[in-house]
Every structure is written in C-alpha cells, then in structure tokens.
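Some notes on the structure that comes next.
Atoms within a ligand are numbered from 1 in the order they appear, just like the ligands themselves. These numbers come from a predicted model, not from an experiment.
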Amino acid sequence: MELTKPEIIDILKDDSQNDWLFKLADETRKKYVGDEVHLRGLIEFSNICRCQCKYCGLQSTNKNIERYRISPDDIVLYAQKAVEMGYKTIVLQSGEDEFYSKDVMCEIIKNIKKLDVALTLSIGERSFEEYKAFKDCGADRYLIRIETTDKNLYKQMHPNMDFDNRIRCLKDLKKLGYETGTGCLVGLPNQTIESLADDILFFKEINADMVGIGPFIAHPQTPLKDVPNGSFTLALKVMALTRILLKNINIPATTAMETLNPQGRIIALQSGANVVMPNVTTTEYRAKYEIYPGKICINENPTQCRGCIEGKIKSIGRTVSTDYGFRNEN
Ligand code: SAM
Ligand code: FES
C-alpha cells in the first residue's frame, strides 16, 4: 500500500483505526517476510561515547556511570559463544568510542567473520574510508538511526553533531553495499506528528533495509530527565506504518518497547516486526550500558535470554529462523 503524508498523519493522529493498522502491518509482514523471526546476538561492547545526545544516558557529560570497554579478544569470544548457541547474526554496538580505531575494528570484524556468521555494526558516525575498510573485512550490515528528520529538533538534541553528516553516513553505507538500517525515536520533546510522518517517508526514500523504532525513555542523568516518556502505542504505530510502506525489510521489536510494556516485543512482533536482538554478553555489562533506565534482561545471562525469547516466539505460532536473515528481496 502507498500512503501520502496527509494520510500517514491522519492515521498517526486517529487512534480509532489502530486495530486495523496493526492487523494490516501483521498481514504485510506475513506476506513479504513470513513467519520466521530472526534473532541477532547483540554485544554492547563499550559504553564510552564522545557525543552528547541529550536523551542518551551514555553521553560524555554523564559522570555518574561506570564506563567499560570489552577487549577485542573478549568481543570475539562472546561472538563465538553466541554462534554456538545458534545465532546467525552478531550485532556489535557501542558509544562513539575512538579506542576502537579502524585497525582495531578491522581485526575484530575479520575474526568474527571466520565464525560463519553475518555481522552488523552499530558504532556511529565514521568516515567513508573507515566504512569501506569494515566492509572490505566482511561486515555485512550497519545500523545508524537518523533519530529524527526534523532538522531543528535534530540540532536541539545533538549539540556538536551535524544532520547532514548523519545523512552522508547513510548514503556512504548504501553506496558501499551494506544492508543499511536506520530509524527514529518517538516522543522526543517538541517532536510533531508531521515530523514522524516525514521520518517514515524518509525510510522509504532512502530504501532502508532495516528500520528500528523506539519510544524515547527519560534517563535521570540527562538534560531530558523531566520529559515524559514517549508513547508505546505511537511508537508501535510508526513501526506498523513503516512495515506497510517498506514491506520486505527487517524490523526489530525493540528492547525500548518492552521496557515500556512487559509484552512489548511480542506485541511488536504481531504488529509488523520480524527481528529480535537479545543481548549475548554476561550480566556484568548489561546494567552499565544504560542508554535509558529500566532496560530489560539486565539480570539474565545469554542462555536464559535465548530460551526466554524462543519460548515467547513459539507461543505466538512463529518460528526462529535458522538462516542469516538478509533482506528478503522476493
Ligand atoms: N553510538 C551508536 C549510534 O549513535 O548510532 C549506537 C549506540 S546508540 C546508544 C543506539 C540507539 O539508542 C540510538 O540510536 C538511540 O535511538 C537509542 N537511545 C539512546 N537514548 C535513548 C533513550 N533515552 N530512549 C530510547 N532510546 C534511546
Ligand atoms: Fe532476556 Fe527474555 S529476552 S530474559
């Protein structure tokens, strides 16, 4: 289905159509990507960050968190354990931490790619040369959310960052042949419904291969500590519309959704999502990667998470995929 901006705005504003919307997104998901759910093993390998994104608990001005870096050898070990548990994709995510230079990242990528697994990076803004080097070493996918397409809001939320550079990153990644993921936050202060409609149309315009949508959750050690959390339902609606418009892409049921609603990921899987990204590091790091409070699974280990999420997926009549889970081009 094609939708115009005014139609998207109407749907986002009118909650009386929600059941129809979620059902249509679920049918679109089934038709274009089937009943399999792809599990991606997530390694949050450093919470050190040079940025000052106003919403994020990892921002460099937050002096109240204990910072950590997982060594390159240990990152590869976590990846190996995840592959042994059946994961077909590893996602490496971190703050923008310069310790992981081009050479350090290339070494990690080469070692993980020896494990016969797809590899996604989510490490922020880098140069074309760095993205190219990572691709040449075997990285398959890259996630970098635009966060919001409202340029003024982007500027307010990201002091010292440049909207155009974020766009440049997305274009470079596409040009280099990465499966490219982006997405937005829902519920930022002063964010309009019109701009959320623009976000959805932007995902379509750049032909994103993956889109992650998460509600904003206020972190007490950030300048946005007193801003109310984003709405779970509105985030779900943005996600459902993204499925309806982009059809065959991969869409995660995000952890932030489950933080706001105990059934959040299952509801998301029934409203257009087809991916889940369980954490595969040990508990010592999970609580410290606190981008927002109340993160789920901080006391669980990788085996518990795998069992838990597999159980949930089966309980709704879906199956866990055993392939790499690239974008389904059919
Ligand atoms: N540094 C990389 C980057 O910027 O792409 C990856 C790590 S960053 C912590 C991952 C995502 O966390 C961001 O894209 C942002 O949307 C999300 N995030 C950060 N703070 C959040 C908050 N308070 N509530 C919900 N999501 C948040
Ligand atoms: Fe971690 Fe459910 S996925 S406990």
Practice task
Answer side chain, backbone, both or neither: which part of Tyr289 comes under 4.0 Å from ligand 1, heavy atoms only.
Solution key: side chain
Practice task
Report the part of Gln93 (side chain from C-beta onward, or backbone N, CA, C, O) that has a heavy atom under 4.0 Å from ligand 1; answer both or neither where that applies.
Solution key: side chain
Work out whether the distance between some heavy atom of [X] and some atom of ligand 1 is less than 4.0 Å.
X	answer
Gly230	no
Arg166	yes
His219	no
Gly214	no

Find all atoms of ligand 1 within a distance of less than 4.0 Å from any non-hydrogen atom belonging to [X], and give their numbers and elements.
X	value
Ser94	1 (N), 2 (C), 6 (C), 7 (C)
Cys56	19 (C), 20 (N)
Tyr55	19 (C), 20 (N), 21 (C), 22 (C), 23 (N)

Give the residue, atom name and distance (to 0.1 Å) of the protein heavy atom nearest [atom].
atom	answer
atom 13 (C) of ligand 1	Glu147 OE2, 3.3 Å
atom 2 (Fe) of ligand 2	Cys308 SG, 2.3 Å
atom 11 (C) of ligand 1	Arg145 NH1, 4.4 Å
atom 9 (C) of ligand 1	Ile291 CG2, 3.3 Å
atom 22 (C) of ligand 1	Ile217 O, 3.6 Å
atom 27 (C) of ligand 1	Leu185 CD2, 3.8 Å
atom 25 (C) of ligand 1	Pro215 O, 3.3 Å

Practice task
Please step through side chain to side chain donor-acceptor pair (under 3.5 Å) for the pair Tyr55 and His158, ending with a clear verdict.
Solution key: CA-CA 9 Å; Tyr55 44 80; His158 307 98; 2.7 Å; yes
Practice task
Determine whether the side chain, the backbone, both or neither of Pro278 has a heavy atom under 4.0 Å from any heavy atom of ligand 2.
Solution key: neither
Exercise for the section: Specify whether Tyr100 and Phe45 have parallel, tilted or perpendicular ring planes, treating 30° as the upper limit for parallel and 60° as the lower limit for perpendicular. Expected result: perpendicular
Practice task
For the residue pair Thr282 and Tyr285, establish whether any side-chain heavy-atom pair is separated by less than 4.5 Å.
Solution key: yes
Exercise for the section: Answer yes or no: is there a side-chain heavy-atom contact under 4.5 Å between Met1 and Leu24? Expected result: yes
Exercise for the section: Could you say whether the N/O atoms of Gly95 and ligand 1 ever approach to under 3.5 Å? Expected result: no
Atom indices of ligand 2, in the order listed, that fall short of 4.0 Å to a heavy atom of [X]:
X	answer
Glu300	4 (S)
Cys305	1 (Fe), 3 (S), 4 (S)
Arg265	2 (Fe), 3 (S)

Would [X] and [Y] pass as an ion pair if we require N to O under 4.0 Å?
X	Y	value
Lys54	Glu147	no
Lys5	Asp198	yes
Glu300	Arg306	no
Glu36	Arg318	no
Arg168	Asp162	no
Lys88	Asp323	no

Exercise for the section: Go through the steps for Asp14 and Ser16 under the test side chain to side chain donor-acceptor pair (under 3.5 Å), then give the verdict. Expected result: CA-CA 6 Å; Asp14 177 6; Ser16 71; 2.7 Å; yes
Handout entry: Check against side chain to side chain donor-acceptor pair (under 3.5 Å), Asn250 and Arg327
Key = CA-CA 6 Å; Asn250 284 320; Arg327 183 175 184 177; over 6 Å; no
Practice task
State whether Tyr289 and Lys295 meet the cation-pi test: NZ (Lys) or CZ (Arg) under 6.0 Å from the six-membered ring centroid, and within 45° of the perpendicular axis.
Solution key: no
